[in-house]
Number of protein chains: 2
Amino acid sequence: MGAIKQKTKTEILTKTIPLFAQRGYDGVSMRDIAKTVGITVGSLYHHFPDKQALYVEALGQTFAKHTDFMRDAFVENDNPKNRIRILIHSLCVLVNEDNNLSQLMQREILDGDKKRLQFIADNVFSGFLRNMNELCLLLAPERDPHLLTISIIGLIVYHFQITPMRSLLPGHQCSHNDSEVIANHVFSLLENSWE
Amino acid sequence: MGAIKQKTKTEILTKTIPLFAQRGYDGVSMRDIAKTVGITVGSLYHHFPDKQALYVEALGQTFAKHTDFMRDAFVENDNPKNRIRILIHSLCVLVNEDNNLSQLMQREILDGDKKRLQFIADNVFSGFLRNMNELCLLLAPERDPHLLTISIIGLIVYHFQITPMRSLLPGHQCSHNDSEVIANHVFSLLENSWE
DNA sequence: GTCTATAAAGGGATAGAC
DNA sequence: GTCTATCCCTTTATAGAC
């Protein structure tokens, strides 16, 4: 019984996430959601007390999907240079595969809601960034690990953020949309910084 | 007469830009705008045919403010390494000073409206990026200039994008909010890539 | 050029039948 | 658990007085 309810809830969230990711919280109405899911607004309110709650659960589900990646991205039995190379490639694939994740993250940072940022920091980033900081210290002990960590992430994320605009910019090529190409570029760009 | 009308319009836009930047298009109502400007909704519609037009003009004014920077950021009588160093510092100051510019840009990229992205590409980025590409070719002839250009911009922009969240992340320090600190970090990180 | 008043549509949310 | 029907507020936008 609870399991069935859970299943419907999950399905609602799964179908709603892309809406919030693409149009933002204010850009999506409960009517939009109901229509997309294929039920009525009244039914929606049987599963969630209000729109905010639905949104927060959608966020949670989106991030939960990638918790494993965030935890397992650090294989310790290899040399730091190989570890960061693999990590950069994995991150590129992850960001390239799940547009919803990146877009929701961006919107949350733009929105700046303190409580939700704290939730994301604690549940999504915290462990991952701590591992990144450690790895950065191994790679470049003389650098500020936090700045280097954010730089690596930013370098990757920005390339995918700007994708919708890339084809309108001078010098672009189709290959620039390939996550392997971006990964190789990013790694080779940083390679000389820790040698 | 036209000049006075223009002045009122400009004032409306100036006071409205921060609203759109912080809360997004759907997050701001014509009432909000009227209240912020200090006139009524009816008067607003005397100056702009609809909300879309107001928004687009607000975008235009925001970007126009920085056209000069985009054009003048390239002093040609210096060696490439100095030029990129100065450029990185200028970009950091620019992005750090005008939150509205960065936020509106982000929102536009997220929104993905083709026509408006084209407008931004043509009127804001085009010349700047072409100059960047040239400079990148001088710095690192063996690299893809477009990828290097986007990387440099992304490296800078992301540090300021993530500012609202930075204090919640492991390893952060107050100094990380300083545009000089970011600029020096970014430059030193890339320095080894073109030597 | 600014106001008041109001239309018309869309938004979140609830009640109660089935 | 889903539906219909509805409430009430906000939204965009317009008309017309001053």
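Because the structure is predicted, anything quoted here is derived from the model rather than measured.
Atom pair A/Leu44:CG and C/dG11:P shows a separation of 14 Å (rounding to whole Å applied). Between B/Lys51 atom NZ and D/dA13 atom P the separation is 8 Å, expressed in whole Å. Between A/Glu11 atom CD and D/dG1 atom P the separation is 13 Å, expressed in whole Å. The nearest whole Å value for the distance from the NE2 atom in B/His46 to the P atom in D/dA15 is 15 Å. For A/Tyr55 and C/dG12, the OH to P distance is 14 Å, given to the nearest whole Å.
Contacts between residues 22-33 of chain A and DNA chain C, defined by a heavy-atom separation below 4.0 Å, involve A/Val28, A/Ser29, A/Met30, A/Arg31, listed by number. Residues from residues 34-41 of chain A lying near DNA chain D, meaning a heavy-atom separation below 4.0 Å, are A/Ile39, A/Thr40 in numerical order.
Judged by distance alone, the side chain of B/Lys51 and the main-chain N or O of B/Tyr25 form a donor-acceptor pair under 3.5 Å. Between the side chain of B/His89 and the backbone N or O of B/Arg85 there is at least one donor-acceptor pair closer than 3.5 Å. Although no hydrogens or angles enter the test, the distance criterion places a donor-acceptor pair under 3.5 Å between the side chain of A/Asn133 and the main chain of B/Pro170.
With sequence neighbours excluded, no residue satisfies salt bridge (charged side-chain N to carboxylate O under 4.0 Å, His left out) with B/Glu180. With sequence neighbours excluded, no residue forms a side-chain hydrogen bond (donor to acceptor under 3.5 Å, both in side chains) with B/Tyr45.
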Atom pairs and distances, side-chain donor-acceptor, residues 119-127 of chain A, under 3.5 Å, sequence neighbours left out:
unit_1, atom_1, unit_2, atom_2, d
A/Asp122, OD1, A/Gln118, NE2, 3.3
A/Asn123, ND2, A/Phe119, O, 2.9
A/Ser126, OG, A/Arg130, NH2, 3.0

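In summary, B/Lys35 and B/Asp32 do not engage in a salt bridge, as defined by a charged side-chain N under 4.0 Å from a carboxylate O. One finds no salt bridge joining A/Lys7 and A/Glu11 here, because no Lys/Arg side-chain nitrogen approaches an Asp/Glu carboxylate oxygen to under 4.0 Å.
When the options A/His47, A/Gln61, A/Glu57 are evaluated for a side chain to side chain donor-acceptor pair (under 3.5 Å) with A/Lys9, the one that passes is A/Glu57. Of the candidates B/Gln173, B/His159, B/His172, B/His159 is the only one forming a side chain to side chain donor-acceptor pair (under 3.5 Å) with B/Arg166.
OP1 and OP2 of C/dT14 both lie 4.0 Å or more from every side-chain N or O belonging to A/Tyr45. For D/dC3, one of the phosphate oxygens OP1 or OP2 lies less than 4.0 angstrom from a side-chain nitrogen or oxygen of A/Ser43.
Taking each heavy atom of B/Ala21 and B/Arg107 in turn, the nearest pair found is O-NE, 2.9 Å.
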Polar pairs (N or O, both sides) under 3.5 Å between protein and nucleotides 16-18 of chain C?
none

